[in-house]
Visitor: 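Have a look at this one before I ask anything.
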2 protein chains.
Amino acid sequence: MAKTRELLVETMKQLLWERGYDATSPNLVLERSGAGKGSFYHHFKGKKELAIAAMDSRADELSEEFDCLVAKHSDPLAAVAAYMCQTRDASKGCRIGRIVQDPSLEDPLLNAPLKRFFGEQHGKLTQLFQQAQTESLLSDALSPEQLATLAISALQGGFVYGRAMQEGDVVNDATDSFITLLNTQRLAE
Amino acid sequence: MAKTRELLVETMKQLLWERGYDATSPNLVLERSGAGKGSFYHHFKGKKELAIAAMDSRADELSEEFDCLVAKHSDPLAAVAAYMCQTRDASKGCRIGRIVQDPSLEDPLLNAPLKRFFGEQHGKLTQLFQQAQTESLLSDALSPEQLATLAISALQGGFVYGRAMQEGDVVNDATDSFITLLNTQRLAE
DNA sequence: GTCTATAGATTGATAGAC
DNA sequence: GTCTATCAATCTATAGAC
């Protein structure tokens with residue numbers, strides 16, 4: 001079936017989340033998906049190509065989740081808060097940021113989906129903060145770009161810190177702290 | 001010489017920084033240090049034991065750096081700012097946070113040095129923020145613990161985001177943004 | 001399009017001479 | 001305390017039958 005390709009991509013997405021790129025072998029993908037080696041190398045040139053397809057798919061999925069969540073809020077700062085304060089588990093790691101530190105990710109081809117995702121995410125957050133300032137909901141002590149950078153970093157760093165401390169909840173302490181600090185910059189209407 | 005052990009630890013520290021734990025093979029340590037396999041397995045039970053020694057050494061080194069820097073500032077918020085805004089390079093990664101996401105770091109023995117370091121760092125930062133609030137230099141909109149969590153996360157997340165974007169400077173955008181936002185919480189004297 | 005068998009390199013670790 | 005030679009396992013990938 002043509003679905004074998006899709007099955008391999010979905011399995012790779014799961015394994016990239018659980019173990020990252022370097023620690024995920026083609027054998028592991030095949031064992032978990034039930035596919036055979038021949039299928040794998042028929043659909044993909046190798047591990048790298050499959051991983052790129054999986055990361056692109058993951059990036060699209062997370063982007064869509066973000067857009068859906070933002071669409072539910074007319075207040076741009078409420079949208080940011082809703083995004084940041086979703087319940088997460090640092091022991092599992094970020095579905096996409098999890099991979100960033102793998103040595104192989106220095107390869108520009110492998111890194112491209114990550115760069116695209118984080119770039120787009122930064123743009124979307126910048127736009128929300130920009131809108132909040134335009135609507136006089138937010139002080140201009142920081143630029144929209146600075147706030148977007150800090151939002152992304154607080155989230156990604158919360159995952160790192162939480163995993164190091166072996167406490168999955170810590171990632172939400174980090175995001176909650178960011179939102180609390182951000183709320184001190186709200187302007188009265 | 002007894003210095004071979006020390007040489008292996010230093011080489012491992014460098015490689016853990018450059019490549020993390022899983023991607024660093026004993027062979028690589030030996031090749032770079034010039035030591036032989038016999039020496040390695042004479043001084044250490046294996047890769048894991050060497051890595052723990054290297055991480056403990058790194059944690060002590062970074063802790064000492066932090067203490068030296070803090071000792072130079074009587075204003076606790078100036079100390080935090082000086083620490084956060086040191087020039088860093090995300091492409092190299094954090095000398096210790098770099099390793100957190102490696103799959104093998106789920107092993108509690110391997111993770112212990114990281115947990116110790118980040119725990120201590122959080123304690124020291126909490127104390128600085130606590131002191132700032134006691135001296136009425138800082139608003140109490142956020143607890144000292146929350147601010148410490150956010151400081152650590154902004155730094156670690158800045159490394160992740162910067163590496164994903166392949167722009168080493170981005171880590172300092174993240175830390176600068178945190179300090180700028182923190183400074184809005186300074187109280188007039 | 002899928003399978004099994006196998007290749008060649010590298011992994012972490014051990015053996016045994018010196 | 002240090003060396004070289006070697007091990008079994010695993011890695012990414014290929015070959016070739018069906």
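Residue numbering restarts at 1 for every chain, and letters A, B, ... go by the order of the sequence lines.
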Visitor: Regarding Ser91(B) and Gln166(B), do their side chains bring together a donor and an acceptor under 3.5 Å, going by distance alone?
Guide: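 No, no side-chain donor-acceptor contact under 3.5 Å.
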Visitor: Whether the side chain of Ser39(A) engages the backbone of Ala35(A) through a donor-acceptor N/O pair (distance < 3.5 Å, no angle test) should be reported.
Guide: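 Checking the backbone N and O of Ala35(A) against the side chain of Ser39(A), no donor-acceptor pair under 3.5 Å is found.
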Visitor: To the nearest Å, how far apart are Lys47(A) NZ and dT14(D) C1'?
Guide: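 Spelled out: NZ on Lys47(A) to C1' on dT14(D) is 17 Å.
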Visitor: Using whole Å, what does the distance between atom C1' of nucleotide dG12(C) and atom CD of Glu49(B) come to?
Guide: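 To the nearest whole Å, that distance equals 14 Å.
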Visitor: For DNA chain C, which residues of residues 29-41 of chain A approach it to below 4.0 angstrom with any heavy atom?
Guide: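 Per residue number, the list reads Ala35(A), Gly36(A), Lys37(A), Gly38(A), Ser39(A).
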Visitor: Scan for side chain to side chain donor-acceptor pair (under 3.5 Å) pairs involving residues 99-109 of chain A, sequence neighbours excluded, and state none if there are none.
Guide: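 For residues 99-109 of chain A: Asp22(A)-Ser104(A), Lys48(A)-Asp107(A), Glu106(A)-Arg163(B).
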Visitor: Just checking, is any N or O donor in the side chain of Gln14(B) or Glu10(B) under 3.5 Å from an acceptor N or O on the other one?
Guide: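 The criterion, which ignores hydrogens and geometry beyond distance, is not satisfied for Glu10(B) and Gln14(B).
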Visitor: In whole Å, what is the span from the CG atom of Asn27(A) to the C1' atom of dT6(C)?
Guide: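 Distance, rounded to whole Å: 12 Å.
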Visitor: Round to a whole Å and report the spacing from CG of Leu8(B) to C1' of dC3(D).
Guide: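 It is 14 Å, rounded to the nearest whole Å.
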Visitor: Looking at every non-hydrogen atom in both residues, tell me the closest pair between Ser74(B) and Gln131(B) and how far apart they are.
Guide: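 Of all heavy-atom pairs spanning Ser74(B) and Gln131(B), the closest is O-NE2, 4.2 Å.
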Visitor: Within this structure, what is the NE2-to-P distance between His42(A) and dT4(C), rounded to whole angstrom?
Guide: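 It works out to 17 Å between those atoms.
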Visitor: Got a sec, which residues hit ring-ring contact (aromatic ring centres under 6.0 Å, His included) with Tyr161(A), two or more places apart in sequence or on another chain?
Guide: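 In terms of ring-ring contact (aromatic ring centres under 6.0 Å, His included), with neighbours along the sequence ignored, Tyr161(A) is linked to His122(B).
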Visitor: Taking ring-ring contact (aromatic ring centres under 6.0 Å, His included) as the test, write out the residues that go with Phe66(B), two or more places apart.
Guide: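 Here the qualifying residues are Tyr83(B).
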Visitor: Give a yes/no answer on whether the side chain of Thr4(B) brings an N or O atom under 4.0 Å of OP1 or OP2 in dT2(D).
Guide: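 Looking at the OP1 and OP2 atoms of dT2(D), one of them is under 4.0 Å from a side-chain N or O of Thr4(B).
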Visitor: List in numerical order all residues of residues 104-111 of chain B for which some heavy atom is under 4.0 Å away from an atom belonging to DNA chain C.
Guide: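 Those residues: none at all.
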Visitor: With a 4.5 Å cut-off on side-chain heavy atoms, are Tyr21(A) and Lys47(A) touching?
Guide: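 Answer yes - side chains close enough.
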Visitor: Tell me the interatomic distance from Glu6(B), atom CD, to dT2(D), atom P, rounded to whole angstroms.
Guide: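 After rounding, the reported distance stands at 13 Å.
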Visitor: Can a donor-acceptor pair be found, under 3.5 Å and without considering hydrogens, that links the side chain of Gln146(A) to the backbone of Ser143(A)?
Guide: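 Yes, Gln146(A) side chain to Ser143(A) backbone: donor-acceptor pair under 3.5 Å.
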Visitor: Can you check the Lys3(A) NZ to dT2(C) P distance for me, whole Å?
Guide: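 Going from Lys3(A) (NZ) to dT2(C) (P), I get 13 Å.
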Visitor: Return the CD to CG distance between Glu49(B) and Leu110(B), rounded to the nearest 0.5 Å.
Guide: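 With rounding to 0.5 Å, CD (Glu49(B)) is 11.0 Å from CG (Leu110(B)).
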Visitor: Among residues 11-24 of chain A, which ones have heavy-atom contacts with DNA chain D below 4.0 Å?
Guide: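 Listed by number, they are Thr24(A).
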Visitor: Write down the distance between NE2 (His43(B)) and C1' (dC3(D)), rounded to a whole number of angstrom.
Guide: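 For the pair His43(B) NE2 and dC3(D) C1', the rounded distance is 13 Å.
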Visitor: Identify the heavy atoms of Ala82(B) and Leu69(B) that sit nearest to each other, and give their distance.
Guide: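 Heavy-atom minimum between the residues: CB-CD2, 3.3 Å.
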Visitor: Just to confirm, is there a sub-4.0 Å distance from OP1 or OP2 of dT10(C) to any side-chain nitrogen or oxygen of Ser25(B)?
Guide: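 No, outside the criterion.
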